[in-house]
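Note that these values count all heavy atoms, side chains included, but never hydrogens, waters or copies made by symmetry.
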Amino acid sequence: MDVQQYLDRIFYAGPIEPTLDVLTKLQQAHLLNVPFENFDIQQHIKINLAKVFNKIVGNNRGGFCYELNGLFYCLLKETGFNVNMVSARVYNAKTKTYSPEYDHLALVVEIDDERYLTDVGFGEFAFTPLKIEAGNIIDDPRGVFKIEALGDHFMVLKEHPNGDDAPEYMFTLMKRDLEEFYPRCHFHETSRDSHFTQKLICSLPTQNGRITLTGNVLKLTHNDSVIERALHSKRAIQQVLQDYFFSSQRKG
């Protein structure tokens, strides 16, 4: 993997050493410049990381969790971080249940004998690595996150404006191999029950908000301001994708 090309793709020009400060800056640079998108979801991605590198870095695209965190894992590994892939089970607020194992790929990084959860592939999530410690409360730029322990699992919760804690997902520290995620990735690519096959989505955080294209609706959030507009042609959608998500001139 061409590390410098990857760093150029996310507009990162700082030091490269396995520290929490560098991990935080790499995570934020990745989030701000590589969109979460499912445009290739029905083309049987198969999580080939060489192809993912060409797609995201070479062709200035985005991806979904297996691609984004899978490739970020490679970057962290290549730059000296002690990092493992872990399996996460996502919380469903409607059914109040957690999804099956391998539904989400997240990363755990060990720095100075402390473990941190880092994730660049879960939509609206933390901007900073979350220290994995039962009872830990993290005041992140994207909200207040909490880590709770349940047996050998850790649960990530996010505090809502009304004060309630909403579960995001649960995970264990067990090291996983990329191949273990293949069956669940196939499910998300092919099943009618997968929310990824329901509609096309492209989403990217900004310093003060988020840009999201869902189907033909563009939603721009900036602080407390929300603007939505419908796009009435494929040409308009392509223009939005180029202007907001896939421009080579993006930098957060």
Side-chain angles (χ1 to χ4, degrees), residues 1-40 43 45-86 104-112 114-123 125-131 140-142 175-179 181 185 202-208 210-211 241-252:
M1 185 179 75
D2 189 328
V3 170
Q4 188 57 55
Q5 188 181 1
Y6 197 149
L7 297 176
D8 291 343
R9 167 69 178 89
I10 62 175
F11 295 93
Y12 181 81
I16 289 296
E17 51 192 24
T19 66
L20 180 58
D21 181 62
V22 170
L23 176 62
T24 301
K25 290 176 179 176
L26 286 172
Q27 178 174 325
Q28 291 179 357
H30 203 290
L31 286 167
L32 289 168
N33 290 288
V34 183
F36 182 99
E37 51 112 328
N38 68 339
F39 294 162
D40 292 347
Q43 298 180 22
I45 294 167
K46 296 182 181 177
I47 330 178
N48 181 312
L49 292 182
K51 292 183 178 179
V52 173
F53 180 88
N54 186 59
K55 172 186 174 183
I56 292 176
V57 178
N59 294 328
N60 209 49
R61 288 280 304 281
F64 75 141
C65 77
Y66 306 116
E67 299 172 287
L68 297 174
N69 280 326
L71 199 61
F72 194 50
Y73 166 87
C74 294
L75 175 65
L76 295 180
K77 200 78 172 174
E78 286 282 334
T79 52
F81 285 91
N82 181 3
V83 55
N84 288 324
M85 298 180 189
V86 298
H104 178 63
L105 189 163
L107 304 176
V108 171
V109 180
E110 185 172 337
I111 300 173
D112 297 330
E114 301 284 0
R115 293 186 177 94
Y116 296 87
L117 177 71
T118 184
D119 197 327
V120 296
F122 196 65
F125 198 64
F127 254 30
T128 58
L130 305 179
K131 184 178 178 181
D140 182 85
R142 265 355 197 207
K175 178 182 177 181
R176 305 291 189 178
D177 293 322
L178 190 63
E179 292 79 5
F181 294 89
C185 180
C202 191
S203 187
L204 191 70
T206 63
Q207 291 288 356
N208 298 296
R210 177 168 286 274
I211 308 165
L241 291 174
Q242 179 59 35
D243 291 346
Y244 289 101
F245 299 104
F246 302 139
S247 170
S248 60
Q249 305 303 312
R250 279 202 57 79
K251 190 178 180 182

Minimum heavy-atom separation for [X] and [Y], please, with both atom names.
X: Leu71; Y: Met1; result: CD1-SD, 4.5 Å
X: Val22; Y: Glu17; result: CB-O, 3.3 Å
X: Ala126; Y: Asp140; result: CA-OD2, 3.5 Å
X: His104; Y: Gly121; result: CE1-O, 3.4 Å
X: Gln27; Y: Thr118; result: OE1-OG1, 2.5 Å
X: Thr206; Y: Arg142; result: O-NH2, 2.8 Å

(message) Between Phe125 and Leu31, is the side-chain contact (heavy atoms from CB on, under 4.5 Å) condition met? List the steps.
(response) CA-CA 10 Å; Phe125 198 64; Leu31 286 167; over 6 Å; no
(message) Among residues at least two apart in sequence or on other chains, which ones pass side chain to side chain contact (heavy atoms under 4.5 Å, CB included) with Lys77?
(response)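 Only Tyr73, Val83 meet the side chain to side chain contact (heavy atoms under 4.5 Å, CB included) criterion with Lys77.
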Got a second to check how far [X]'s [atom1] is from [Y]'s [atom2], nearest 0.5 Å?
X: Ile16; Y: Leu75; atom1: CD1; atom2: CG; answer: 6.5 Å
X: Gln5; Y: Ile10; atom1: CD; atom2: CD1; answer: 12.0 Å
X: Ile56; Y: Tyr6; atom1: CD1; atom2: OH; answer: 6.5 Å
X: Leu20; Y: Tyr116; atom1: CG; atom2: OH; answer: 4.5 Å
X: Cys185; Y: Glu67; atom1: SG; atom2: CD; answer: 7.5 Å
X: Asn59; Y: Phe53; atom1: CG; atom2: CZ; answer: 10.5 Å

Does any non-hydrogen side-chain atom of [Y] lie less than 4.5 Å from one of [X]?
X: Gln28; Y: Thr128; value: yes
X: Pro129; Y: Val109; value: no
X: Leu68; Y: Leu105; value: no
X: Val86; Y: Lys175; value: no
X: Phe81; Y: Leu26; value: yes

(message) Could you walk me through whether Phe72 and Asp119 satisfy the side-chain contact (heavy atoms from CB on, under 4.5 Å) test, starting with their C-alpha distance in whole Å, then the side-chain angles of each, then the deciding distance to 0.1 Å, before giving a yes or no?
(response) CA-CA 9 Å; Phe72 194 50; Asp119 197 327; over 6 Å; no
(message) Could you walk me through whether Asn82 and Ile111 satisfy the side-chain contact (heavy atoms from CB on, under 4.5 Å) test, starting with their C-alpha distance in whole Å, then the side-chain angles of each, then the deciding distance to 0.1 Å, before giving a yes or no?
(response) CA-CA 7 Å; Asn82 181 3; Ile111 300 173; over 6 Å; no
(message) Within the supplied structure, the quantity of interest is the number of heavy atoms (other residues, nucleotides, ligands) at a distance under 6.0 Å from Asp112 CG; does it exceed 12?
(response)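 Count not over threshold, so no.
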(message) Within a 6.0 Å radius of atom CZ on Arg115, are there more than 12 heavy atoms belonging to other residues, nucleotides or ligands?
(response)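 Not buried by this count: 12 neighbours or fewer within 6.0 Å.
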(message) Pair Gln207, Leu32 - check side-chain contact (heavy atoms from CB on, under 4.5 Å), show working.
(response) CA-CA 8 Å; Gln207 291 288 356; Leu32 289 168; 3.3 Å; yes
(request) Check step by step if side chain to side chain donor-acceptor pair (under 3.5 Å) holds for Arg176 and Asn84. (result) CA-CA 7 Å; Arg176 305 291 189 178; Asn84 288 324; over 6 Å; no
(request) Say whether, by atom type as modelled, one donor and one acceptor occur between the side chain of Arg210 and the main chain of Gly123 under 3.5 angstrom. (result)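 Pair found, side chain donor or acceptor close to backbone of Gly123.
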